[in-house]
Each structure stands twice: as structure tokens, then as C-alpha cells.
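Each remark here refers to the structure printed beneath this line.
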Amino acid sequence: MDWLTTVDHKKIGILYLIAGFFFFLIGGLEAILIRIQLARPMQNVVGEETFNQLLTMHGTTMIFLAAMPMLFALMNAVIPLQIGARDVAFPFLNSLGFWTFFFGGVLLNLSWFAGAVPDAGWTAYATLSGPTYNPGHGIDYYVIGLQIAGIGTLLGGINFMATIINMRAPGLSFMRLPMFTWAIFITSALIVFAFPVLTVGLVALMFDRLFQANFFEPGTGGNSVLWEHIFWVFGHPEVYILILPAFGVISDVVSTFSRKRLFGYSSMVFATVLIAFLGFMVWAHHMFTTGLGPVANGLFSIATMLIAVPTGVKIFNWLFTLWGGSIRFTTASMFAIGFIPTFVMGGVTGVMLASAPADFQYHDSYFVVAHFHYVIVGGLIFGIFAGLHYWWPKMFGRMLNEGLGKLTFWTFFIGFHLTFFVQHFLGLLGMPRRVATYLPYQGFDTMNLISTIGAFLMGIGTIVFLINVFTTWAKPRNATGDAWEDGRTLEWSIPSPPPEYNFKQTPLVRGYDAWWKEKMEGKTEMIPAEPVGSIHMPSPSILPLIMSIGLFIAGFGFMYNQLIVAGIGLAITFGCMLLRSVFDDHGFHIEPEDQDKGVHV
């Protein structure tokens, strides 16, 4: 019950991590099946229909149900600690955000058992996803599952914006924030602006499918290119929603394990803001071949190439941070250092794709698949692995095994490059994306086999990581507060794992890298900004779980046109909202005499 009702950001972070990694394994299994099918020409391991379903579910699961929640896990576990706060601004909403995401993801994946799996690609392009060409319930699972999961993401974005603006410790001005906190702040703003666009698109598609509306159906006066615009106005900022937190992780990890202040901190902040701003200006570079015309293509080309400038600033700042530092090659720093050249490659192919005339050739080929995975796997997943190995002792009080960690790194790193490097050349040779098989003797055979071997190697790396987690779990909690001994930010100034209330006394921040500054002056703890006193804590609540179950039931009702079921689901959700509004819960206090008893997660 403790875990089902918790509103503690640290426990919610762990719940996000477990759920996200579970979906990551499902998405990985789907990817392995895709690669087995493509290992040799003219294979028939899975049928063409199943292949389309695997392709759609792999992309959707990895982006929305694996990458996002694993980032939210790090956000929840670290952000309040980095800013000296006792919790997030809205603990109840934080819990509601997790449960809506989780039940949206479960609903989407239940499509496998219902025999109606989405099969229009993770972008669900109209008219392929419309009622004319896709009359079954597959796309309904996609539309309704993502709407429910999207509520959770949007709540999280609002919550972390409010937390970072309002709950910083005294002295922690914006230009003293750790780089990870900055990245999450800007990501949260992107979520708040981008996710409503996706919601609008999904609602319109739902109306097309369930109520015979004509938003995207050309035969009845709709416009299928409109869906592309709506999807990519969300979809391009989404790429930055995924990658900016990874940039933040890399900044913190590189700085810690170089034992140096991050080079060019203020330029890093402005580069992040500029990337986020430009991220909204470039959506139509996904649509160069839809016939927008030379003016639009030219403008979107230029805007896309401009993003390379602030990204380049970041790359050089990381290299200059490493330069002359006393580098420790821990697993976390190896993932961070491996991230840099990998992400540069993804960025270079991105600039190639930004050229509209060249894009006509690359478009819908495996070159695009290679580019996208270099950015999202080589960028985001490397960043998540770096962050997990780095903050694991802070989250769980136990150090992951470094030997197994390095084995994870090398198998995953080599497997990743084996899988996706050759796909650039497959694309340049003309292999189209989304094909279930291919003819022999076109020059695709060997490279596809190499790609599949690489995918298995990545799978082995993931299994090694799981073994590491389970073997570590059996050990006692013996991590010190400053587990790496070189911690620079506030989270390393308190015990691992932190007590329920995080900080017994709110710390006073006297500069950038606040904890490092105090250590350099010979202090063993932060200067408190308040006397020891009674700490107010929010009460746990079962309502977020029940509200999410209500939405889950309502989703099924709408999908199968059972309006009574939908009504019951909505009644449960709104009933919980009413209860929450009518009964005022003032939380509870932890008195000073109870604080030293070490109320641990």
C-alpha cells in the first residue's frame, strides 16, 4: 500500500524507473524481432502484418513509454535534491502523473492481447491511421492509450516548472542551478507547449475514427497533410524533450568525474534555451517531400541547420571540461564520454538531412533510421545509463558493481555502433524503411546481418545491467552521502538514500557547485538557512491510482462504443476529483525529535 499511495518524489522516481525499464524491455524485444526478420533476405519469421505492428509498437513504446518515464525517474529522484527542496511543488499531481502514464501504457500494450494492434507506424500518418484504411480497433488503442499517458507527462512538466521556479533553496539563483536542473526546467517548458498539440491531434483522430468526423479523411473533405503538421509540431520538440535532459546528465557527470567546474556554464545555459526555442521552428523538415514548395523548404532547411550551432557549443564545452581534468573512468563517465562522439555523428547526419534537395534522396530510407537512432539511442539512452549509474547510490543507497557496469558499457556501445552505423550505408544504397523483407543480391544482405548481430549485443548489454541491479539489490545499503567523493551539487550533501524529508534544514547556497564550494573550504555539511524545526509533509493518497483506473476503464468504453462503461470510468475519475476538492488534507509534520531516527525510503 505504501508504494500504491505514495506522493514522495523519491518513491515515485523509483516507480517511474521500474515501469519505464519494463516498457524498455518490451520495446527491445520488439526491436530484436524486427532485426531477426531482416537478418536475411526473404525471411518469413514474422508475417508482414505482424511486422507492421512490431514496427509501430516498438517506436511508440520506446519514445512514449520507455524513454520519457526513465527521464521522469531521474527528474523525480534528483531535481528536488539538487535545488534543496523537500518535495516537488504538487506531490499529489506527481503521483497522478505517474499512474496516468502507467495505465495509458498498459492500455496501449493490451492491444497485443486484444488482437487489435496499431500498425500505421509510430507517427500514425493519416490516412493510413484513419477509419477508411484502418477500420479495426488497433489505432484506437494508440489514440486513447497515448492520450491517457500524455496527461501524466503534461502534469509532470507543469509540476517541475513550478518546483524549479518556486522551491529553490536560499541563494540558489537561476545562474547557480546545476546544468541538469536547467535542462529539466527547459524540458518542462517544452512539454507544456508541445504535448497539448499532440493531444489536439489525437482527439481529432479519435473523432475521425469514433464519430465519423472529417479532419484527416481526404475523401470527405479532410486533409491528411494536416495530421503531419500537427504531429511534427509536437514531434520535433519531443526529440528535444528527450535529448535535453540527457545533455544535463552528461554535463553533471563529465564535470564530476573530471573534478572540474563545467566549462562555459553560462554559454551552456543559453545554448540550451536556444535549442529549445529553435526546436519549435523546424517541424516541417520532416515533410520536405510533401510538396510545401521551395520557400517553406528553404526556410525550414536554414532553421534546422541553425540548431547545429548551440549544439556545437555544448559539445566543445564538454570537451573543454574534460581537457586537463583528472578524469576517473567510472561506468557513468564512460557512458558520458561515449555519448559525445556518438551524438556528434547523429548531429552531422541531421545536418545532412536538413538539406531539402538531399533529403529527397535520403527520405524514407534506412539513412533516416540510422540518424534517428544515433540521436535517441546514442544520445538519450547513453545519457540515461550514465545518469542511472551516477545517481544509483543516491536513489538506493547501494553502489552498482563497476565491473558489470563496464561490461554493460562495452557490449551496449559496440552493439549500438554495429547495429546502426551500417544502416547509414543501407540507406544510401537505397534500402527503404518499414519494409518487412528484401530481395537478395542488392548489397543489403551482409549489412543487415551485421545490424542484427549488433542488436543482440545491445540486448546482452541490457541483460548485464539487469544482473548488476539484482546482484546489487542483495547487498547492504552502505553508500555514503557523497558516494563518488567528488560530488559537486546539493544532492551529495545528504545521506544516501535521503530521509523522507530530504533536508533536515534547508541549505544556504553560496555559489555555483554549492556542495563542492563548501568542501573546498573544509566544511563537512552545508550551512543551514533555517533552525531545526517541525517539517511539514504531504499525506499519501490512493486517489491518483483510482482516478487513473477510471480513465483506463473509460478508454475501453469509448473504444468499443460501450458508453455505459465509459460513463462509469469517467464517474470514478470525477468522483475522485470531487473527493479531493471537498476534503482538505493538511498533511502531517515530522517533529525534530523524530528526524534523527532516519525515516528512510
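The shown structure was predicted, so the numbers you read here are calculated from the model rather than taken from an experiment.
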Can you tell me how the ring of Phe247 sits relative to the ring of Trp318, calling it parallel under 30°, perpendicular over 60° and tilted otherwise?
perpendicular
For residues His373 and Phe416, establish whether the separation of their ring centroids is below 6.0 Å.
no
Do the side chain of Thr100 and the main chain of Gly97 share a donor and acceptor less than 3.5 angstrom apart?
yes
About how many Å separate NE2 of His58 and CD1 of Ile32, when rounded to the nearest 0.5 Å?
10.0 Å
Heavy atoms of Thr573 and Leu551 approach each other most closely as OG1-N, 3.2 Å
Met62 and Gly27 have their tightest heavy-atom pair at CE-C, 3.4 Å
Under 3.5 Å: donor-acceptor pair, side chain of Thr462, backbone of Met458
yes
If you measure only the distance, is there a donor-acceptor pair under 3.5 Å linking the side chains of Gln37 and Thr437?
no
Shortest non-hydrogen contact from Asp252 toward Pro178
OD2-CB, 4.3 Å
Separation of Thr289 OG1 from Asn297 CG (nearest 0.5 Å):
9.0 Å
What verdict does the ring pair (Phe, Tyr, Trp, His ring centres under 6.0 Å) test give for Phe465 and Phe412, after you've listed the backbone C-alpha separation in whole Å, the side-chain angles of each residue and the deciding distance to 0.1 Å?
CA-CA 10 Å; Phe465 176 72; Phe412 201 88; 9.6 Å; no
Return yes when atom CZ of Phe211 has more than 12 non-hydrogen atoms of other residues, nucleotides or ligands closer than 6.0 Å, and no otherwise.
yes
Under 6.0 Å between ring centres, would you say that holds for Trp283 and Phe300?
yes
Any luck finding a side-chain donor-acceptor pair between Thr290 and Glu228 under 3.5 Å?
no
Where does the angle between the aromatic ring planes of Phe160 and Phe72 fall among parallel (under 30°), tilted (30 to 60°) and perpendicular (over 60°)?
tilted
Output, in order, the C-alpha distance, side-chain angles, deciding distance and verdict of side-chain hydrogen bond (donor to acceptor under 3.5 Å, both in side chains) for Gln147 and Thr199.
CA-CA 6 Å; Gln147 280 182 79; Thr199 307; over 6 Å; no
State whether the side chain of Thr349 and the backbone N or O of Met345 hold a donor-acceptor pair below 3.5 Å, judged by distance alone.
yes
Shortest non-hydrogen contact between Thr127 and Phe216, atoms and distance:
CG2-O, 3.6 Å
Please step through ring pair (Phe, Tyr, Trp, His ring centres under 6.0 Å) for the pair His137 and Tyr141, ending with a clear verdict.
CA-CA 7 Å; His137 283 296; Tyr141 278 97; 7.4 Å; no
Just by distance, no angles: are the side chains of Asp119 and Asn134 close enough, under 3.5 Å, to form a donor-acceptor pair?
yes
Does atom CZ (Phe22) have a neighbourhood of more than 12 heavy atoms from anything else shown, all under 6.0 Å?
no
Return yes if a side-chain donor-acceptor contact under 3.5 Å exists between Thr272 and Lys314, otherwise no.
yes
Strictly below 4.0 Å, N to O, side chains only: are Asp140 and Arg209 in salt-bridge contact?
yes
As a quick check of understanding, evaluate ring pair (Phe, Tyr, Trp, His ring centres under 6.0 Å) for Tyr366 and Phe425, giving each step before the final call.
CA-CA 8 Å; Tyr366 256 78; Phe425 301 99; over 10 Å; no
Would you say Arg35 and Ile453 make side-chain contact, with heavy atoms under 4.5 Å?
no
Within a reach of under 6.0 Å around OH of Tyr560, are more than 12 heavy atoms found that belong to other residues, nucleotides or ligands?
yes
Is any side-chain heavy atom of Leu38 closer than 4.5 Å to a side-chain heavy atom of Tyr438?
yes
What I'd like to find out is whether the side chain of Phe339 reaches to under 4.5 Å of the side chain of Val249, using heavy atoms alone.
no
Evaluate the criterion side-chain hydrogen bond (donor to acceptor under 3.5 Å, both in side chains) for residue pair His285 and His236; output intermediate values, then yes/no.
CA-CA 9 Å; His285 69 206; His236 202 84; 3.0 Å; yes
Looking at Gln442, I'd like to know if its CD atom is crowded, meaning that more than 12 non-hydrogen atoms belonging to other residues, nucleotides or ligands lie closer than 6.0 Å.
yes
Are more than 12 heavy atoms, taken from residues, nucleotides or ligands other than Tyr125, located less than 6.0 Å from that residue's OH atom?
yes
Look at the side chain of Thr419 and the backbone N and O of Ala455, then say whether any donor-acceptor pair between them is shorter than 3.5 Å.
yes
Does atom CZ of Phe277 have more than 12 heavy-atom neighbours, drawn from other residues, nucleotides or ligands, at distances under 6.0 Å?
no
Closer than 3.5 angstrom, by distance alone: can the side chain of Thr60 be matched with the main-chain N or O of Met57 as a donor-acceptor pair?
no
Distance flag, aromatic centroids of Phe24 and Phe21, threshold under 6.0 Å:
yes
May I have the step-by-step check of ring pair (Phe, Tyr, Trp, His ring centres under 6.0 Å) for His363 and Phe288, ending in yes or no?
CA-CA 9 Å; His363 194 80; Phe288 283 148; 8.5 Å; no
Heavy-atom neighbours of Phe193 CZ exceed 12 at 6.0 Å:
no
Ala370 versus Phe420, closest heavy-atom pair with distance
CB-O, 3.5 Å
CZ of Arg40: more than 12 outside heavy atoms within 6.0 angstrom?
no
In terms of side-chain heavy atoms, does Trp232 have a donor or acceptor partner in Glu238 at a distance below 3.5 Å?
no
Keeping Ser129 on the side-chain end and Ala124 on the backbone end, is there a donor-acceptor pair under 3.5 Å?
yes
Distance-minimising heavy-atom pair for Pro341 and Gly338
CD-O, 3.5 Å
Report yes if some heavy atom in the side chain of Trp182 is under 4.5 Å from a heavy atom in the side chain of Phe174; otherwise report no.
yes
Apply side-chain hydrogen bond (donor to acceptor under 3.5 Å, both in side chains) to Asn214 and Asp208, showing your working.
CA-CA 6 Å; Asn214 297 323; Asp208 268 14; over 6 Å; no
Return the orientation label for the Phe552 and Phe556 ring planes: parallel under 30°, perpendicular over 60°, tilted otherwise.
perpendicular
Quick one: does Ile184's side chain get under 4.5 Å of Ser188's, heavy atoms only?
yes
Short side-chain to backbone donor-acceptor contact, Asp359 and Ala354, under 3.5 Å
no
